[in-house]
Amino acid sequence: MNDVGEYVDQRLSGELKGLVGRDTELTLIRDFLERAAEDGAALVLSGEPGVGKTVLLEAAARAAAGCGTRVLRVAGVEFEADIAFSGLNQLLFPVYQDHVDRLSMAQRSALSLALGFGEGTMADRLTVSTAALTLLRQVAEDCPLLIVVDDLHWLDRSSAGVLGFMARRLAGSRVGLIAASRLGPDTFFDRGGLPEHEVRPLDGAAADGLLGVRFPGLAEPVRRRVIAEAQGNPLVLVELPQVLSDLQRAGDEALPEVLPLSQRLQTLFTSRIADLPARTCRLLLLAALDSTGDLGVLEAATGGCLEELGPAERAGLAGVDLATRRLIFRHPVVRSTVVNFFTEAERRRARRALADALADQPERQAWQLADATIGADERVAALLEQVSRRALRCGDAAGAVAALLRAADLSPRSADRSRRLAEAAYVGANVTGGLRDVPRLLVDARRADPELDRSLEAAVATAYLLINGEGDADTAYRLLMGAIEARGGELRADDHALVEALFTMLLVCFSAGPRPELWEPFQAIVARLTPRPPEVLAVCTTIFADPAHATPATLAELDDLISRFPEEADQDRIVWIGRSGFFYDRMQCCREALWRVVRDGRDGGAVTSAIGALISLSLDDLLIGQWDESAQLAEEGLRLCRRHGYLLLEWPLWFVQAILAAQRGDEETALALADKMVRWGTPRRAGKVLFYARYVRALAALARGDAEAAYQDLASISPPGVLARYVPLVMWAAPVLVEAAVGSGRPAEARRHVAAMREAGFTDMSARLALAVEGAAAVSAPAAEAGARFERALAVPGAERWPFDLARIRLAYGEHCRRTRAIHRARIQLAQALETFERLGARPWAERARNELRATGQSPPHEGLTPQERQIAHLAATGLTNKQIAQRLHLSPRTIGAHLYRVFPKLGITSRAALRDALGDKLNRDDVAF
């Protein structure tokens, strides 16, 4: 790039600093300004309204002026489009007086008349155009000149013709012309042969970046809605949030169906809508209020007048997608503008017409009737309550809350209004992430009905608020039990409020821990539901109470529920079933459905369901050796908990983090998190949390080699030989207790616990539990039997799915073999255990395996190699070149070569060809020699 180009680039970079997603335009305008300053050039920017053309023109003008170029401006004005040469007057007036004397008499006269400075007969346009071009060339002799034309589409015919003439004759003039015009409407400016660039809307990342710069505090769901509405239009992106209230921007108040528009946005399309025939405008209003654009509905609502769409299509405002038979707006702002163009009374009439056309679609009909209704109407309120039920079943919790709140507004009776507000509070708290709205909604409900405290809906919402706040499990339990008993009569399984109350009680009992005085009355109520308890509630009640003693029939029912996951839409059911499946290692069949819930939560769906799914997935990742992903999911879940105030859901994620820390040898973090769990659970009487904290301490003790401390913690969860009732943690703790008992010199206690695991049927529940039982049996067996039992454990089908558990069994097997002088087998098991521990980052166990391997007289494989050196060496041993390895690891080939240069002496080899033997066959040769 020459000096002029570099200077232009510097100036333009400064002007466009802060403009997001416009790198292409930056390069284009830089090249244009460079050409224009040297030899003349023209460029037309086109794009939809608000896409940022004017901002780019301004940046170009300031950059040019900063480089010593003189800038002349003209902007088309809609109401001056019929005034001949009004645009040319605007452009040339600043230079006319100083340079007109340099024109010929004929050119001077023609230009003066065109600009309104003289009298006489108007010259032809060619003479005027030539005179204007000559004048500008003369101005450019003193310094480069840039003509900036905005709103070219509104320029008058005469001026547009002159500018088009000049734009094609700028070569050799040092005059540049850059203009901006909208897409769609015809203009009088002939662009033929001129360079043109369409300024496209911002992509998703750039749109998100622009909102982040302009509105950093915008709530994530609101941000997504604004991005969807704006469709990359920068003006819409920065204007829409400004007309929202503070509560709406923070996500604490629901957004309306049609977002309000600023005055600036309304002017983008209002004039074009106002010019349409009245019947066309009404058709657009019906389409805007229906939102689906279904031509069948619109035809029914208009009496078959779809041909009235033509003027809107020609104006570029709307069109028909023939593939889907739907009317579509060219931009969401058009839809909002149409809605705001009509009065409230006109909008209500249109909604009633749509409701009549939607008789076969009760959900859509209910919403249209609700929006068309002024005052109370129980019929419409009841329809909306039914809509909320369907929305919950389909996983649309936010839609359910919206329907309940509108139903409450339409309720004639105070008791119905109170009940619906209380239910909205519960759904908001339990599903959508609206926990902070619960107190306000409950206050409104009590104002509507002072007898609210007897309402089961209010009790559920209040209980959920208690267990997520400073309340304790006992208080929440009494509140729910009292409301259920006050309900009286038959306990029906189709009573939605009752079932929701029982699920909340299940959560309370689960948190409270092994307390029969809570579990037994709860289970008795579930059993009384007629004609029978809902299947998910029945299965979860049994499993969450005591998974270690589940019957084959319960497991079969659970497997049947999991098998229906591909068609399951209710996210709450998915999460509850997934939690139950976790106890029996069914997560492999649940992960896809749980990931659906997580993705929906990330896209603004049900928050609590997403947190529940993240908990289950992170725990499963912990077991299957995906420790990095486990940590990431736990952190994501905690961010959601903190953002929405869900304290009850934080502690399982602390538990995940604590177990990861213990297994990786970060004892300080593990114990700090365990203490945090104790401080949270103690005042809330959440006994289960205290058990989980003890398990963390036990694992940390085993990691540092203190089997006695581990045994004491684990025995307090469930004594040796007993699988305590109402303690789900025994599913995890049992094999660890056996290991701690053996390590602390208690083989008899260890064997009693293995017997309890077998008696409970662990081996039939899942492959991981079978691995746990057989591994524990091997660890606790007499020396003469241990070898065969270890081999039986390693032969459990699918054991590789749980690498940490399997590696610990291999480590114990290797230790046994070394003690019994079976050095060959010891080396095999210890080396495989070491490889797994190192891959996982389980430092304490890796060090233990490394020491045991040295005790067999063999150095650990690849000792001295860093993890990256080991990875590169393995890839090189497969035959990959340095370049191929570099591409895979995102490093340079030179870096790969440097690593291999250090690897060779560490492995005692001198060539690449020896890598395979050094890495893979060395252990095998040692085994053969033995």
Side-chain angles (χ1 to χ4, degrees), residues 32-33 35-46 57 60-61 64 69-77 80-181 186-196:
F32 160 73
L33 291 178
R35 293 195 313 272
E38 293 180 348
D39 194 40
L43 174 65
V44 178
L45 302 177
S46 60
L57 289 184
T69 295
R70 183 168 188 175
V71 178
L72 297 178
R73 299 170 181 268
V74 59
V77 181
E80 292 184 359
D82 295 328
I83 303 175
F85 293 115
S86 59
L88 190 63
N89 179 288
Q90 186 185 157
L91 173 67
L92 298 182
F93 184 79
V95 297
Y96 176 77
Q97 294 296 339
D98 294 337
H99 295 84
V100 69
D101 292 340
R102 301 165 66 177
L103 299 178
S104 68
M105 184 60 69
Q107 289 179 337
R108 185 187 314 170
S109 174
L111 196 55
S112 296
L113 288 169
L115 298 181
F117 297 143
E119 296 180 0
T121 303
M122 180 68 70
D124 61 87
R125 187 181 298 171
L126 178 60
T127 305
V128 175
S129 299
T130 303
L133 178 59
T134 302
L135 179 68
L136 293 176
R137 282 178 174 271
Q138 290 173 351
V139 174
E141 289 177 2
D142 299 329
C143 65
L145 179 66
L146 179 66
I147 301 169
V148 178
V149 187
D150 201 1
D151 290 329
L152 183 61
H153 49 280
W154 278 334
L155 212 59
D156 65 275
R157 180 189 298 270
S158 302
S159 299
V162 173
L163 285 175
F165 175 90
M166 292 192 299
R168 282 182 286 277
R169 293 166 176 81
L170 296 178
S173 67
R174 295 208 304 169
V175 178
L177 184 147
I178 183 169
S181 178
D186 296 331
T187 69
F188 300 121
F189 183 87
D190 184 5
R191 309 178 193 181
L194 295 178
E196 186 171 357

(message) Name the residue from Leu135, Leu145, Val100 that meets the side chain to side chain contact (heavy atoms under 4.5 Å, CB included) definition with Val95.
(response)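 Running side chain to side chain contact (heavy atoms under 4.5 Å, CB included) over Leu135, Leu145, Val100 with Val95 returns exactly one hit, Leu135.
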
Going from [atom1] on [X] to [atom2] on [Y], what distance comes out if it is rounded to the nearest 0.5 angstrom?
{"X": "Ser173", "Y": "Arg137", "atom1": "OG", "atom2": "CZ", "result": "4.5 Å"}
{"X": "Leu170", "Y": "Ile147", "atom1": "CG", "atom2": "CD1", "result": "6.5 Å"}
{"X": "Thr134", "Y": "Gln107", "atom1": "OG1", "atom2": "CD", "result": "4.0 Å"}
{"X": "Tyr96", "Y": "Asp101", "atom1": "OH", "atom2": "CG", "result": "8.5 Å"}
{"X": "Arg102", "Y": "Gln138", "atom1": "CZ", "atom2": "CD", "result": "5.0 Å"}
{"X": "Arg73", "Y": "Leu146", "atom1": "CZ", "atom2": "CG", "result": "8.5 Å"}

Measure from the side-chain N and O atoms of [X] to the backbone N and O of [Y], and report whether any donor-acceptor pair falls under 3.5 Å.
{"X": "Ser159", "Y": "Leu155", "answer": "no"}
{"X": "Glu38", "Y": "Arg174", "answer": "no"}
{"X": "Asp156", "Y": "Gly87", "answer": "yes"}
{"X": "Glu196", "Y": "Leu43", "answer": "no"}
{"X": "Asn89", "Y": "Leu115", "answer": "yes"}

(request) Decide yes or no for Val162 and Leu91: does some side-chain heavy atom of the first lie under 4.5 Å from some side-chain heavy atom of the second? (result) no

(message) Are Leu152 and Val149 packed together at the side-chain level, in the sense that at least one heavy-atom pair is separated by less than 4.5 angstrom?
(response)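 Leu152 reaches Val149 side chain to side chain.
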
(request) With Arg168 as the cation and Phe165 as the aromatic partner, state whether NZ or CZ is under 6.0 Å from the six-membered ring centre and within 45° of the axis. (result) no

